[in-house]
Amino acid sequence: MAIRSGDYDEKWRLRRRETGKLGGDVGGLIDEVAMSVIDWGVLADLHFRELRNYHGDHSSRPDTSTVHLVTSDFNFDTEGKLVVEKWGKLIEAKVVVLTGASEGGLGGATALALALAWSTHLVLLARTESKVRNAISAIKEISPGTLPAFVHIELDDLDSVRRAAEDVLGVTSKIGVLINNAGVMAVPWSKSKSGLGKTPAFNHLGRFLPTKLLTSSILAAGPGSRIINVTSASGSRLY
């Protein structure tokens with residue numbers, strides 16, 4: 001289904017007027033998210049139209065500078081080390097920032113797999129330092145040339161997110177890869193310190209804000225730098 005940018009424009013103009021009721025900090029962030037959605041809607045509209053034109057009329061190929069069709073031999077059961085064996089060169093000597101890097105989770109396993117690629121820095125963001133210590137020790141053993149660093153963050157607290165971004169920029173001025181891995185699911189309803197529900201505060205603004213604050217450093221890393229958002233399998237469905 002194509003996304004019509006005009007519909008997004010009108011929808012979010014109305015929504016922007018409503019955000020003022022939430023107060024400056026949260027309202028302003030939701031305002032920025034809304035405008036980003038407009039931009040993404042325009043971009044998605046362009047991609048869908050070009051793909052539709054391509055499949056309907058092969059004499060008019062899509063602009064490959066904006067449309068990228070990627071295939072992979074990997075699947076749900078593929079281990080991280082196999083991915084690194086094939087693509088590790090892409091992050092060799094780069095700085096990787098990873099949220100939700102606690103031991104026993106996807107983030108901790110991702111950190112250990114990335115260490116095999118010999119990145120220069122692995123900046124691990126998590127709520128509890130004790131849950132990251134073992135990963136840091138393992139990274140030092142796997143890749144002595146990689147410098148792991150812990151940064152405390154609470155993604156449902158916007159002030160904590162801002163402090164964490166400052167700490168990350170104190171470690172590095174160039175970020176080759178930002179992986180937004182941390183997330184919550186089916187937690188009891190409660191409000192964050194910013195007055196939002198915990199789940200949207202954590203899973204949405206808690207990803208948008210650090211990405212926004214670190215964007216200049218990601219761009220400074222040059223071609224090949226990336227922002228990766230990890231989601232559940234349900235997010236792979238296209239409506």
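Values below: all heavy atoms of this structure, side chains included; hydrogens, waters and symmetry mates excluded.
What you find for Gly197 and Trp189 is that their closest heavy atoms are CA-NE1, 4.3 Å. When all heavy atoms of Ser225 and Gly222 are compared, the closest pair comes out as OG-O, 2.9 Å. The minimum heavy-atom distance linking Ala126 with Val132 is given by the pair CB-CG2, 3.6 Å. Nearest heavy-atom pair across Ala117 and Gly88 is CB-O, 3.7 Å. When all heavy atoms are compared, the tightest approach of Ser192 to Asp156 is CB-O, 3.2 Å.
Side chain of Ser137 to backbone of Arg133: a donor-acceptor contact under 3.5 angstrom is found. The backbone N or O of Glu154 sits less than 3.5 Å from a side-chain atom of Ser160, completing a donor-acceptor pair. Listed for the Thr78 side chain is a donor-acceptor partner under 3.5 Å among the backbone atoms of Asn75. A donor-acceptor distance shorter than 3.5 angstrom exists from the side chain of Thr172 to the backbone of Lys174, with no hydrogens or angles considered. With hydrogens and angles disregarded, a donor-acceptor distance shorter than 3.5 Å links the side chain of Lys94 to the backbone of Leu90. No donor-acceptor distance shorter than 3.5 angstrom exists from the side chain of Arg163 to the backbone of Leu158, with no hydrogens or angles considered. No side-chain donor-acceptor contact under 3.5 Å links Ser119 to the backbone of Val95. Looking only at distances, no side-chain donor or acceptor of Arg162 sits under 3.5 Å from a matching main-chain atom of Leu213.
Put simply, Val151 and Val97 are part of the same group of oily side chains (I, L, V, M, F, W, Y) that touch within less than 4.5 Å, one to the next. Leu122 is connected to Val230 through a chain of hydrophobic side-chain contacts under 4.5 Å among Ile, Leu, Val, Met, Phe, Trp and Tyr, so both are in one cluster. Hydrophobic clustering (ILVMFWY, side-chain heavy atoms < 4.5 Å, transitive): Phe202 and Leu124 are in distinct clusters. Linking Ile, Leu, Val, Met, Phe, Trp and Tyr residues whenever their side-chain heavy atoms come within less than 4.5 Å places Leu112 and Ile179 in a single cluster. Ile218 and Val161 fall within a single hydrophobic cluster, where Ile, Leu, Val, Met, Phe, Trp and Tyr are joined by side-chain heavy atoms under 4.5 Å apart, directly or via other members.
Heavy atoms from other residues, nucleotides or ligands lying under 6.0 Å from CZ of Arg226 number 12 at most.
If you take CG on Leu219 and CD1 on Ile227, they are separated by 7.5 Å, rounding to the nearest 0.5 Å. Put simply, CE on Met185 and OG1 on Thr199 are 10.0 Å apart, with the number rounded to the nearest 0.5 Å. Atom-to-atom distance recorded for Ile91:CD1 and Trp118:CH2 is 13.0 Å, nearest 0.5 angstrom. Put simply, CG on Leu178 and OG1 on Thr99 are 7.0 Å apart, with the number rounded to the nearest 0.5 Å. One distance of note links CD of Glu85 with CG of Leu116; it measures 8.0 Å at 0.5 Å rounding.
Using a 4.0 Å cut-off between a side-chain N of Lys or Arg and a carboxylate O of Asp or Glu, Glu103 and Lys131 do not qualify as a salt bridge. The residues Glu92 and Lys89 are annotated as salt-bridged, a charged nitrogen and a carboxylate oxygen being separated by less than 4.0 angstrom.
Among Val96, Val177, Thr110, Leu98, the one residue that satisfies the side chain to side chain contact (heavy atoms under 4.5 Å, CB included) test with Ile228 is Val177.
The closest side-chain donor-acceptor pair between Thr211 and Asn180 falls under 3.5 angstrom.
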